[in-house]
Amino acid sequence: PGLAEVPFLTNESVFGLTELPGHLIVIGGGPIGVEMAQAFRRLGAAVTLLERGQILPKDEPEAAAIIRAALRREGIALHEGARIAAVRRAANGVEVALEGEEPLQGTHLLVAAGRKPNIAGLGLEEAGIAATPRGITVDARLRSTNRRVFAIGDVAGGPQFTHIAGYHAGIVIRNALFGLPAKVDYAALPWVTYADPELAHVGLTEAAAREAGHAVSILLQPLSGNDRAQAEHHPLSRPPGGAAHYRRQPGERARRRDPHRSGHARGRDQTQHRVEDRAASRLPGPGSPGVRRGPGPDPELVQFRSAGPG
């Protein structure tokens, strides 16, 4: 409430600023909100980041935890689980009222809470094109309920990335011009959050894989094995005290293994449980991105995660 009466920035208009905000309040903890919050903090602005749930909710929780820690180390005031009651003008800019908390005042407001399709007034119903609040309803070939009309990009209700719009365009061209039954497939969809460290993601998350009915095993690798991290002397590539062994079976949380067990016992564990090397005192997460199928008659979905330079 009140947003229509308050001047605010978006990911497009924010680059038109000619002066540094004194205190930037960012609404939305997705990739854009996180990237802009860290960028303006490094430029010297005070920054408060508000997120209704957890930041980066579409990424792995362990990877998001690395970004969360980095934001807090840099002095960003992070409010997760925030409930915004109202937004209004203030003497120095804008005030955001939060449920159960003191109101926040800032000089500038950046809204990065997502987008809604702008389809009002297009006459979709008259054309026999079904739509929902998420956008135009399409099938796997991006055809609307009027088979002569296709929809691509954000309005098609899929992932909201620039490279997805380009991918959609290729699907539509193959269908409309060449008559090929091309279909969208997001199984290996990549995206990157350009924070520091960067967070790279390819394919299904663990939660999405389990929801799809896959048996899941998680392999976690330290960033110390990444050549670029070593060349750039990234702090996550230098784990103090060596490495410890971790494993995670389906449905279990990661836990530390005893690094002093015999080599024979550790080898048996590696065979049976796919033991992972982990940095002994680091947050869980960085590894090599990708998704592949495991061996055996009942293959498991094996997932690698990455957070850091790459």
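This structure is a prediction, so every number in the text was calculated from the model and none was measured. Hydrogens, waters and symmetry mates are skipped; everything else that's a heavy atom, side chains included, is used.
At least one donor-acceptor pair closer than 3.5 Å links the side chain of S144 to the backbone N or O of V149.
Residue pairs satisfying the salt bridge (Lys or Arg N to Asp or Glu O under 4.0 Å) criterion with at least one member in residues 79-92, sequence neighbours excluded, are listed as follows: R68-E80, R72-E80, R88-E95. Sorted by first and then second residue, the ring pair (Phe, Tyr, Trp, His ring centres under 6.0 Å) pairs involving residues 15-68 (not counting sequence neighbours) form an empty list. Residue pairs meeting the ring pair (Phe, Tyr, Trp, His ring centres under 6.0 Å) criterion with at least one partner in residues 104-163, sequence neighbours excluded, are F161-H163, F161-W191. Applying the salt bridge (Lys or Arg N to Asp or Glu O under 4.0 Å) test to pairs two or more places apart or on separate chains, those with a residue in residues 8-30 are E12-R115. Screening residues 34-47 for salt bridge (Lys or Arg N to Asp or Glu O under 4.0 Å), with sequence neighbours left out, gives R42-E74, R42-D196. Counting only residues at least two apart or on different chains, no salt bridge (Lys or Arg N to Asp or Glu O under 4.0 Å) pair has a member in residues 146-156.
I27 and L9 are assigned to two separate hydrophobic clusters, defined by single-linkage of ILVMFWY side chains at heavy-atom distances under 4.5 Å. V34 and V96 fall into different hydrophobic clusters, where Ile, Leu, Val, Met, Phe, Trp and Tyr side chains are chained together by heavy-atom contacts under 4.5 Å. Criterion: ILVMFWY side-chain heavy atoms under 4.5 Å apart, direct or through other members. Under it, L220 and V216 are part of a common hydrophobic cluster. No chain of hydrophobic side-chain contacts below 4.5 Å, direct or via other Ile, Leu, Val, Met, Phe, Trp or Tyr residues, connects V47 to L104. Both I32 and L78 are part of a single hydrophobic cluster, where members link through side-chain heavy atoms under 4.5 Å apart.
Of all non-hydrogen atoms in L49 and G29, the two that sit nearest each other are CD1-CA, 4.3 Å. Nearest heavy atoms, P21 versus A45: O-CB, 3.2 Å. In this structure, A156 and H168 approach most closely via the heavy-atom pair CB-CE1, 4.2 Å.
Not counting sequence neighbours, Y194 has no partner by the side-chain hydrogen bond (donor to acceptor under 3.5 Å, both in side chains) test. Among residues two or more places apart in sequence or in another chain, the side chain to side chain contact (heavy atoms under 4.5 Å, CB included) test is passed with A85 by A97, E99. Residues passing the side chain to side chain contact (heavy atoms under 4.5 Å, CB included) test with A64 are L56, sequence neighbours excluded. Scored by the side chain to side chain contact (heavy atoms under 4.5 Å, CB included) test, D185 finds Y167, A187 as partners (sequence neighbours excluded). By the ring-ring contact (aromatic ring centres under 6.0 Å, His included) test, F8 pairs with no residue at all, sequence neighbours left out.
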(Q) Set out, in order, the CA-CA distance, both residues' side-chain angles and the distance that settles side-chain contact (heavy atoms from CB on, under 4.5 Å) for L98 and L50, then state yes or no. (A) CA-CA 10 Å; L98 302 176; L50 306 176; 4.2 Å; yes
Q.
Test side-chain contact (heavy atoms from CB on, under 4.5 Å) on I218 and E206; report intermediate values, then the result.
A. CA-CA 8 Å; I218 306 301; E206 177 185 353; 4.1 Å; yes
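In this structure, a donor-acceptor pair under 3.5 Å is absent between the side chains of H201 and E60.
To the nearest 0.5 Å, the span separating OG1 on T10 from CE on M36 amounts to 11.0 Å. Within the model, atoms CD1 of I66 and CG of L71 stand 12.0 Å from one another, a figure rounded to the nearest 0.5 Å. Distance check, rounded to the nearest 0.5 Å: CD1 of I76 to CD1 of I55 gives 9.0 Å. Taken to the nearest 0.5 Å, the CD atom of Q105 stands 11.5 Å off from the OG1 atom of T48.
For the pair N11/L110, no side-chain contact is recorded, criterion being any heavy-atom separation below 4.5 Å from C-beta on. Using a 4.5 Å heavy-atom cutoff, the side chains of V202 and L189 are not in contact. Proximity of N175 to I173: side-chain heavy atoms (C-beta onward) are nowhere separated by under 4.5 Å. Within the 4.5 Å cutoff, the side chain of D59 has heavy atoms near those of the T193 side chain.
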Going by atom type alone, with no hydrogens or angles, which donor-acceptor pairs under 3.5 Å involve a side-chain atom of residues 124-139 and a protein atom two or more places apart or on another chain?
unit_1, atom_1, unit_2, atom_2, d
T132, OG1, R134, N, 3.2
R134, NH2, G157, O, 2.5
D139, OD1, R141, N, 2.9
D139, OD1, L142, N, 3.1
D139, OD1, R143, N, 2.9
D139, OD2, R143, NE, 2.9
D139, OD2, R143, NH2, 3.0

